[in-house]
Amino acid sequence: MINLVEIAKNQINDAIEKSVSKAIAAQQLPQVQLDEIVIEVPREKQHGDFATNVAMQITRQAKKAPRMIADILINHMALHDTYIEKVEVAGPGFINFHLKKEWLYQVLIAIEKEGADYGKINIGNNQKVMVEFVSANPTGPMHMGNARGGALGDCLASVLDWAGYDVTREFYVNDAGNQIEKFGISLEARYIQLLKGEDAFPFPEDGYHGEDIKDHMRDFIALEGDKYLDVESEERKQAFVAFALKRNIDKLKADLKAYGIEYDVWFHESWLYESNEVQETIDYLTEKGYTYKDEDALWFKATEFGAEKDVVLVRNNGIPTYFAADIAYHRNKFVKRGFERVIDIWGADHHGHVARMKGAMQAIGCDPDKLDIIIMQLVRLFRNGEIARMSKRTGRAVTLSDLLEETSVDAARFFFNMRQAGSHLDFDLDLAVSQSNENPVYYVQYAHARICSIINLLAQEGIKVQSTDKLNLSRLIEPEEIELLKKLAELPEEIKGAALSMEPSRITRYVLDLASLFHSFYNACRVKVEDEELMMARLKLVDSVRIVIKNVLNMLKISAPEQM
RNA sequence: GCGCCUGUAGCUCAGCUGGAUAGAGCAACUGCCUUCUAAGCAGUGGGUCAGGAGUUCGAAUCUCUUCAGGCGCACCA
């Protein structure tokens with residue numbers, strides 16, 4: 001868990017704090033209150049490795065010009081026993097820190113030591129966190145929104161894992177309630193229509209009109225024949241649902257597995273009814289006085305908890321709503337299973353539920369801040385520059401399996417994690433399929449393959465990567481080498497940032513940047529050179545880049561080919 | 001009508017808790033393969049950060065407002 005950026009920032013932070021105290025003691029500055037010191041990486045290289053704006057922040061308190069404050073601080077700054085090489089005042093009052101090269105060379109030692117674990121940090125402290133994602137309705141196939149949610153949720157879970165959380169991936173199977181009822185009626189209608197003709201049974205208006213319902217019943221008939229025509233409606237619907245639901249859930253599992261996603265838990269909504277937790281939850285809310293009856297339905301006073309409207313918990317027909325089960329589900333996550341934090345990933349079409357869900361959390365005595373709901377904007381699929389609504393092959397709505405048929409898992413996972421959850425995403429099928437420089441996933445993989453190729457070539461001549469204690473790392477001085485080293489050093493901080501902001505897309509962009517710096521290095525510097533000392537140092541550098549690219553791609557579950 | 005999200009280069013998007021000259025990829029144009037993979041690199045052009053007002057040393061970033069687009073406002077999930 002070596003984080004060199006953090007080490008450097010801590011040293012700088014320390015130096016600033018001490019310098020402020022000394023300046024105050026020397027009466028060059030009045031007593032000032034220091035908030036958290038902001039240390040950032042300047043955009044311009046000439047501004048050093050790190051910079052701080054403290055001098056500007058305390059301008060008002062100190063009643064001095066920012067540049068003057070900065071000068072005073074620099075004069076008191078003790079740099080011995082640190083990686084800081086040079087400090088200077090710049091611009092309106094920034095203090096810029098230049099670090100010794102030795103600091104950067106430490107990165108290679110860290111990567112050598114930690115290998116496949118380099119990048120892991122422990123801000124999570126093994127806290128139990130659940131990421132619930134996709135949770136597609138098992139009454140039909142998964143759509144593009146599920147595909148995005150899958151890539152996003154799975155990669156977020158990985159990022160949190162690397163950040164030191166104890167992560168559980170969960171899929172919530174909506175196998176109870178109203179939609180299963182509709183599913184049953186739809187299946188029944190298709191069964192009868194298939195056997196006795198379209199007019200034999202009216203198809204319910206609000207039923208599931210998809211072709212997949214017919215497919216289920218065709219296969220069912222192939223297995224069981226027409227014997228269910230004479231069975232009583234309730235019973236045969238149950239048989240149909242049991243048959244189709246299992247098939248759908250198996251398909252969900254298979255599709256998601258093919259997509260690189262394996263859940264720790266497939267949690268069934270029906271369990272909440274079987275264990276009576278839905279009723280318990282409703283009773284609890286009623287005891288607390290958070291419900292009321294109106295027109296024979298039971299309502300939750302969501303408006304008392306900041307929502308816009310009250311919500312029905314139990315319909316006038318006595319059947320609890322999805323929302324009632326969802327409250328019980330979240331109570332189960334926090335209270336029964338003891339998760340300390342829960343992240344739900346929802347499509348943008350569900351954003352209206354956020355306020356009431358958070359309100360319900362409060363009502364059942366859970367801290368709403370421990371529930372993070374990530375609202376993911378919807379996906380538009382493009383093909384030939386136009387919005388594609390239908391699959392080429394089936395002519396139906398494009399499903400996750402259609403997508404994976406047209407493109408690759410690597411491309412899909414990468415593309416869906418290039419954008420933040422909150423941004424509307426256009427998925428360009430042609431681009432994802434194209435095996436060209438336009439396709440960013442190849443760009444990263446190509447960098448990895450190129451490095452492997454160099455290493456293999458040298459290995460054939462008996463030249464192997466050596467451990468850092470045998471190397472003269474100070475031979476790495478070219479700008480392209482320095483930039484690479486810096487980028488390598490940033491990985492732990494990037495994981496921290498991605499985990500805290502819950503945005504795995506930051507990691508995707510990180511690895512793109514790293515690949516870009518490697519390609520620049522490749523064109524500017526040769527590894528295989530006459531000067532053996534230099535060659536060995538560079539070989540170590542590219543091997544370290546290889547490890548970091550591989551670590552990140554592993555984290556995102558994207559393959560890292562050794563040849564392309 | 002109300003609520004949430006979005007608006008940055010021709011296109012798709014970055015821009016981390018406000019910071020120094022607003023970036024990348026694609027597209028366009030110009031160069032670079034007899035030496036480690038050209039799925040690559042280097043360079044050029046391209047911007048009223050949707051418009052307006054405010055907050056302050058300093059705003060793409062925060063506040064207000066107008067405009068445009070997406071989504072949601074069920075005893076559906």
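For the pair A:Q46 and B:U21, the criterion of a side-chain N or O lying under 4.0 Å from OP1 or OP2 is not met. For the OP1/OP2 pair of B:A38 and a distance below 4.0 Å, the side-chain nitrogens and oxygens of A:R450 include at least one atom meeting the criterion. OP1 or OP2 of B:A20 lies within a sub-4.0 Å distance of a side-chain N or O belonging to A:R43.
Figure legend. B:A42 is base-paired to B:U30; pairs are counted as Watson-Crick or G-U wobble with both atom distances under 3.5 Å. Base pairing of B:C57: its partner is B:G19, meeting the Watson-Crick or G-U wobble criterion (both donor-acceptor distances under 3.5 Å). B:G72 is paired with B:C2 under the criterion used here, namely a Watson-Crick or G-U wobble arrangement in which both key atom distances are under 3.5 Å. Across all strands shown, B:G7 is found opposite B:C67 as a Watson-Crick or G-U wobble partner, with both distances under 3.5 Å. Remark: B:A14 base-pairs with no nucleotide in the shown strands. Criterion, Watson-Crick or G-U wobble with two distances under 3.5 Å.
Going from the P atom of B:G18 to that of B:A59 covers 13 Å, rounded to whole Å. The P atoms of B:A28 and B:U34 are separated by 25 Å, rounded to the nearest whole Å. Comparing the P positions of B:G25 and B:U21 gives a spacing of 23 Å, expressed to the nearest Å. Between the C1' atoms of B:A20 and B:G15, the separation comes to 15 Å (whole Å). Comparing the P positions of B:C75 and B:U63 gives an interatomic distance of 33 Å, to the nearest angstrom. The gap from the C1' atom of B:U35 to that of B:G43 amounts to 24 Å, rounded to the nearest Å.
Between the P atom of B:G3 and the CZ atom of A:R356 lies a distance of 17 Å, rounded to the nearest Å. Atom pair A:E44:CD and B:G23:C1' shows a separation of 11 Å (rounding to whole Å applied). Going from atom CG of A:L484 over to atom C1' of B:C41 covers 14 Å, rounded to whole Å. In this structure, NE2 of A:H350 is placed 11 Å from C1' of B:G72, rounded to the nearest angstrom.
When the nucleotides B:G19, B:G3, B:C5 are ranked by their closest atom to the side chain of A:Q377, B:C5 comes out on top. Nearest nucleotide to the A:A90 side chain, out of B:U37, B:G3, B:A20: B:A20.
Residue A:G422 is in sugar-phosphate contact alone, with no base atom involved, counting any heavy-atom pair closer than 4.0 Å across all strands shown. Base contact: A:H424 has a heavy atom under 4.0 Å from a base atom. A:N53 comes within 4.0 angstrom of a nucleotide base, judged by non-hydrogen atoms across all strands. Using a 4.0 Å heavy-atom criterion, one finds that A:S423 contacts the sugar-phosphate atoms exclusively. A:A447 comes within contact range of no nucleotide atom at all, as no heavy-atom separation falls under 4.0 Å. At the heavy-atom level, A:Y522 lies under 4.0 Å from base atoms of the strands shown. Using a 4.0 Å heavy-atom distance criterion, A:C525 is classed as a base contact. The residue A:A297 sits close to a base: some heavy atom pair falls under 4.0 Å. Among the atoms of the strands shown, base atoms are found under 4.0 Å from some heavy atom of A:R526.
Look at B:C62: its glycosidic torsion is beyond 90° from 0, and that puts it in the anti range.
Note: A:Y208 and A:F183 have perpendicular aromatic rings, judged against thresholds of 30 and 60 degrees for the angle between ring planes.
Between A:Y446 and A:E40, the residue whose closest nucleotide on RNA chain B is further toward the 5' end is A:E40. Nearer to the 5' terminus of RNA chain B, by closest-nucleotide assignment, is the contact made by A:S516 (compared with the other of A:S516 and A:V312).
Using modelled atom types, one finds no donor on one side chain facing an acceptor on the other under 3.5 Å when comparing A:R419 with A:S505.
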Which donor-acceptor pairs under 3.5 Å do side chains of residues 48-56 of chain A form with protein atoms, sequence neighbours excluded?
| unit_1 | atom_1 | unit_2 | atom_2 | d |
| --- | --- | --- | --- | --- |
| A:D49 | OD1 | A:K486 | NZ | 3.1 |
| A:D49 | OD2 | A:L99 | N | 2.6 |
| A:T52 | OG1 | A:V38 | O | 2.9 |
| A:T52 | OG1 | A:V54 | N | 3.3 |

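Annotation for A:M535: atom CE counts as buried by contact number, over 12 foreign heavy atoms lying within 6.0 Å. The number of heavy atoms from other shown groups lying within 6.0 Å of CD (A:E480) is above 12.
Cation-pi check for A:R148 over A:F427 is not met; the charged atom does not lie both under 6.0 angstrom from the ring centroid and within 45 degrees of its normal.
Between the side chain of A:R67 and the backbone N or O of A:P92 there is no donor-acceptor pair closer than 3.5 Å.
For A:N316 against B:C75, a side-chain N or O and a base N or O form a donor-acceptor pair under 3.5 Å.
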